[in-house]
Amino acid sequence: MDTTGNNNQVMVDLTRVTRTFPPDVQALVDVSLQVNRGELLFLTGMSGAGKTTLLRLISGIEKPTKGYVEVSGMDLSKISRARLQKLRRLIGVAYQDFKLLPERTVAQNIAVSMEVAYRSRLFIRKQTRDLLAQLHIVDKHNTRADKLSRGEQQRVALARAVANKPDLILADEPTGNLDAESTELVMDLFHRCNESGTTILIATHDSSIYNRPDSRIVTLDCGRIVATKQDADKDTSEPVQYGPETLFTDCLKLLDKDTSEPVQYEPDGEES
Amino acid sequence: MDTTGNNNQVMVDLTRVTRTFPPDVQALVDVSLQVNRGELLFLTGMSGAGKTTLLRLISGIEKPTKGYVEVSGMDLSKISRARLQKLRRLIGVAYQDFKLLPERTVAQNIAVSMEVAYRSRLFIRKQTRDLLAQLHIVDKHNTRADKLSRGEQQRVALARAVANKPDLILADEPTGNLDAESTELVMDLFHRCNESGTTILIATHDSSIYNRPDSRIVTLDCGRIVATKQDADKDTSEPVQYGPETLFTDCLKLLDKDTSEPVQYEPDGEES
Amino acid sequence: MNFLFAVFSQAGRNLLQTWRTQILSLMTITLSVLIFSFFYLVYTNALQAGEQLGDDLRLIVYLDEEAVPALQEQYREKILKFDRVERIEFISSLQAFNRFKDQLDEDQDILADIPQDFLPPSIEVYPVRSLDALSRIKRFSDYLQTLPGVIKVQYGREWVERFYTFIELLRIVVILSGSLLVLTTTFMMAHSIRLTLFTRQKELELLHLVGASNSYIRMPFFLEGGLLGLFGSLAGIAALYLLFNWTQLRFAGSALLGMFSFNFFPLPVIAMIIAMAIILCACGSFSSTRKILSR
Amino acid sequence: MNFLFAVFSQAGRNLLQTWRTQILSLMTITLSVLIFSFFYLVYTNALQAGEQLGDDLRLIVYLDEEAVPALQEQYREKILKFDRVERIEFISSLQAFNRFKDQLDEDQDILADIPQDFLPPSIEVYPVRSLDALSRIKRFSDYLQTLPGVIKVQYGREWVERFYTFIELLRIVVILSGSLLVLTTTFMMAHSIRLTLFTRQKELELLHLVGASNSYIRMPFFLEGGLLGLFGSLAGIAALYLLFNWTQLRFAGSALLGMFSFNFFPLPVIAMIIAMAIILCACGSFSSTRKILSR
Ligand SMILES: Nc1ncnc2c1ncn2[C@@H]1O[C@H](COP(=O)(O)OP(=O)(O)OP(=O)(O)O)[C@@H](O)[C@H]1O
Ligand SMILES: Nc1ncnc2c1ncn2[C@@H]1O[C@H](COP(=O)(O)OP(=O)(O)OP(=O)(O)O)[C@@H](O)[C@H]1O
Ligand SMILES: [Mg+2]
Ligand SMILES: [Mg+2]
């Protein structure tokens, strides 16, 4: 699979990215992050820290308020729509809310990511079969997505993200609904992909999957990168370590809100 | 709050309940389970084991194929629609897929469960405020539900389940999208509810929340109850311990499928 | 108290929150009411016009000799048997001659040498003025022909037939397009209801799940439907009224409107249309929730 | 190859999977085509009928004395200046007397004593037969009145006016209901498209997210729209044809249809209607995706 754009070592490059939402939510503040090709990176942080927002910026669904997002050497704010579409076909995203089509079968859901890249039917069938087998849901091949248990849906979403053999996989909380055993299956799949050269970003709360010695972990807190645990055996040029904040403090923004400016309730507006 | 039906000690009583889905999915097989009033019970099991199906049977959304489901002394298959509706108002359910209304604000979403019970506006406002504070999402009071992060949505779903001070709380994977700290908040909330007499059933994969000494744990595997870890200090009449199966075996049904009857792919039907 | 409050605040909130769909629904209802009342107005006015047009629709029955009073009575009896006849008038030869003279106007002198009884005496029969009567004139004329002493029955056959044809055509057009429109509006309503259900399905399911009583779920729909019906039909009637006035202004000068007097609906009819719209919308909206509640 | 295959299988799958909405859309299109072609048919036939009805629409210009050939030429010239005149005919006193005698039929003997020139000579003017001409007759008659030697101009003024009125009325009804229907069908289409988008929104969003190219997303819509347009318009035309035949059978006996010959559309018109429907539906469906793709 050819990668569009220049072929340097950096897959994802965020430069001082800030993303705010109206009215005054600061989802990401001044975040800089480089992810090399072939890396497996874990993104952690409290709920609401900005992990999903970061992944959405990388896949071009969200635009940064400030700063630059480069993927595979291309600045997302500058490329044409057609190029962005091509780029997206090289990125497999497993969304936190899955985004499955409820009325389609499992096989059809997985096929979507390959069909848009005009893969042959043979390839599609083989990939679907393989992935379902690896994730232990072969018997759900022709079941409608909305008839699946939540954990099965999660695995289907993962299979879809991986199916088209993308260069970059973004997995948002990929094991939230999975038991220990299924988590193992999923992580095996990711490791296999990673070994064959795919760059993988995983946003997760599940310490059992990121507390391995060989993983690089980036921790967000209230939209800022507060800690980076460096991968031991791979060398990256800049070991980032921001600010004086402690890990997992209760969100400062939240505390601020609670004390200094009392939350407004709009006594009449809330239920009429 | 008055509980309809006779006032015996058993809140939920499942008697040899079987639930199958077409074409041949056995979601629950011959399950018997008693939950006493005021109990806190954890339901675990692999993905696809039947936890959600069990909870849906208890809240009357799903009907058993065989067997009886009694809640608060009433057989769900026999009571009238109006009674079922009344009963549901006494059960708070936090769904695995949240079922929030995306276009309503957080406050409106939480208010729904209280409004259908014709609570006063004052009560609704106070409860909403309290719960949001307890779950650390006060600042999201007037945010639309679809603008929240997934973990925030999960907490809103929990708040809605708890808001109407129900007699029975069914929480399906309540911490799947939450970090350790938020999980703590949620479990605190559950414990407080439990102490004030509410019966709570929690379906979860998260061993960090059920591996406490004082909790009763029921483990499902392929629709059957395979193990029950008895609560140490409370006494219940029948400590159930089924079959010779080991805990968390790979699903037998799945293995069966894989070997004896090869999965049919419908070569032509899958993508046309 | 709490129930009523809950229902009203539900309905209000829904109207606010789904206002785009609601406006589409409102316009659907407005359009439907406009269409129905338009065709109803055309139909009633066509009937009225039909009644007015009969004015000159007399049949002239030529007699072979002057009818004496006794004979006149006999004729009158035989002709008035038909309840469709408004009045009859006996015209003697002399009266006919005078009329002819009046018609010739300035050229009266050409009649100077002609005997005053050269025109036969006649009976003029005025049928009841209605659309309906037009279609029977031919049969009626055939009947009159059979009376003793009648030479010939004359009427503006060609014109009457054409007239009849046109009214009939108008009627066919009105009825066919009316029924097409019934189909269309039924369809639009179906579309509207499907849209409403699509936008609300999630909410209804949730309400169902948290144990809302049937009336809690349905009453807001009923209220909203009623409100939409009220405003939609008011707007529809108003639009029709504007259209009606515009037409009248537009054709104020032409002979067309000088001939017939067109009338808008009287108030009771308007009230009835609005009431019907409210009831239909409220019930339609109410019953649209049935499918979801039956689960 | 792969692209075409993907697009066709997408379109096919969508038609299968959302067939309930598709049937609703198909019926919408059928109804719209039926309505449009119905009014078009009524309108063209009304125009045709209007041309036929002018048949007896002559103006009789009474002259004070017999016109000699030279004078006749002069009159002819002056009258034919109006391009709305089809032909004129000179009637001498004798010809008029003979016609009157024919009209009186068996009662011819009453004319025995009357001089053969008691009726004035006249010119009969036949205007072009068209709806349009009707409205000008009064003005034309006024003009003829000013010609030298003309005593009086006579025509079936009352009837002509009424006729005109009715044709005008028919036209207003057709036009007003036509425009109401344009509104209605526009509306139904809007409803239909909204419904389609509602049922497909999730899918479109997903396709967008996984990087489907614009044409991959839009072509199936284009194809489906075209197919719906084709089948919808075929069904609509078929329905109209059935309706047309039913009407003709229904009124086969009446004078109405004996007078005018009503015609269905010729093939080229049918082909054009179908082509228009296909193009409109394909483009409408195509452009409906714009909103989602612009994100
Ligand atoms: N579209 C939006 N509009 C407004 N606020 C938003 C929007 N999307 C996200 N936010 C807010 O931005 C913050 C970060 O959200 P994000 O989804 O990135 O968190 P997260 O780290 O993924 O959390 P979780 O672990 O709960 O999924 C949250 O406070 C959220 O409420
Ligand atoms: N409506 C349905 N139709 C068909 N099969 C169903 C339906 N609902 C559930 N199933 C199947 O029943 C089995 C049990 O489902 P259930 O949702 O109870 O699992 P679970 O224990 O909640 O799993 P998870 O932890 O993944 O949520 C699964 O194999 C699922 O595919
Ligand atoms: Mg997230
Ligand atoms: Mg589940």
Side-chain angles (χ1 to χ4, degrees), chain A residues 21 25 27 44-53 96-97 105 107-108 111 115 121 124-125 128-129 132-133 136-139 141-143 147-155 172-173 176-183 205 207 248 250-251 253-254 257-258 263-267 269-271, chain B residues 21 25 27 44-53 96-97 105 107-108 111 115 121 124-125 128-129 132-133 136-139 141-143 147-155 172-173 176-183 205 207 248 250-251 253-254 257-258 263-267 269-271:
Chain A
F21 292 108
V25 184
T44 65
M46 277 182 48
S47 168
K51 303 179 295 296
T52 301
T53 307
Q96 204 171 3
D97 53 354
T105 67
Q108 285 171 340
E115 281 172 356
R121 296 180 71 179
I124 294 177
R125 204 172 314 152
T128 309
R129 194 172 197 154
L132 289 181
H136 283 201
I137 39 174
V138 181
D139 56 338
H141 189 275
N142 289 319
T143 307
K147 304 284 185 207
L148 295 177
S149 88
R150 195 83 189 152
E152 288 159 351
Q153 286 177 357
Q154 185 150 43
R155 281 175 278 170
D172 202 349
E173 201 72 62
N177 291 277
L178 296 181
D179 54 287
E181 218 166 321
S182 310
T183 300
H205 298 295
S207 55
F248 289 122
D250 201 12
C251 185
K253 182 186 61 182
L254 246 173
K257 283 251 161 181
D258 270 352
V263 185
Q264 270 142 34
Y265 276 99
E266 293 187 22
E270 74 189 273
E271 47 202 329
Chain B
F21 290 108
V25 184
T44 65
M46 278 184 47
S47 170
K51 303 180 292 298
T52 300
T53 307
Q96 205 170 1
D97 53 354
T105 67
Q108 286 171 339
E115 280 172 355
R121 297 178 71 178
I124 294 177
R125 205 172 315 155
T128 308
R129 194 171 199 154
L132 289 181
H136 284 201
I137 38 174
V138 181
D139 55 337
H141 188 275
N142 288 318
T143 308
K147 304 284 184 207
L148 294 177
S149 88
R150 195 82 188 151
E152 288 159 353
Q153 287 177 356
Q154 185 149 44
R155 281 174 278 170
D172 202 349
E173 201 73 63
N177 291 279
L178 296 181
D179 54 286
E181 219 165 319
S182 310
T183 301
H205 298 295
S207 54
F248 289 121
D250 200 11
C251 185
K253 183 186 61 179
L254 245 174
K257 282 254 158 171
D258 269 352
V263 185
Q264 270 143 34
Y265 277 99
E266 295 189 19
E270 74 192 274
E271 49 202 328

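Order of the sequence lines sets the chain letters (A, B, ...), proteins ahead of strands, with each chain counted from 1.
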- Task: Measure distances from B:E152 to the heavy atoms of chain A and classify the residue's part below 4.5 Å as side chain, backbone, both or neither.
- Result: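 B:E152 touches chain A through backbone and side-chain heavy atoms alike.
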- Message: For chain A, which candidate among B:T53, B:D172, B:D97 shows the most heavy-atom pairs at distances under 4.5 Å?
- Response: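 Of B:T53, B:D172, B:D97, B:D97 has the most heavy-atom pairs under 4.5 Å with chain A.
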- Task: May I ask you to name which of B:A180, B:G151, B:G50, B:G176 has the most heavy-atom pairs under 4.5 Å with chain A?
- Result: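 It is B:G176.
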- Message: If the condition is side-chain contact (heavy atoms from CB on, under 4.5 Å), which residues does A:T183 pass it with, not counting sequence neighbours?
- Response: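 Partners of A:T183 under the side-chain contact (heavy atoms from CB on, under 4.5 Å) test: A:T175, A:L178, A:M187, A:D206, A:I209.
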- Side chain / backbone / both / neither for A:E173 at chain B, heavy atoms under 4.5 Å: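 The side chain, not the backbone.
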- Item | A:S182: side chain to side chain donor-acceptor pair (under 3.5 Å) partners, not counting sequence neighbours |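 Here the qualifying residues are A:D179.
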- Query: Can you name the closest pair of heavy atoms from A:H205 and B:N177 and give their distance?
  - Reply: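 The pair with the smallest heavy-atom distance is NE2-O, 3.1 Å.
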- Query: At their closest point, which heavy atom of B:S47 faces which heavy atom of A:S149, and how far apart are they?
  - Reply: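 Here B:S47 and A:S149 meet closest at OG-OG, 3.7 Å.
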- Query: In terms of heavy-atom pairs under 4.5 Å with chain B, which of A:Q96, A:Q154, A:K147 leads?
  - Reply: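 Of A:Q96, A:Q154, A:K147, A:Q96 has the most heavy-atom pairs under 4.5 Å with chain B.
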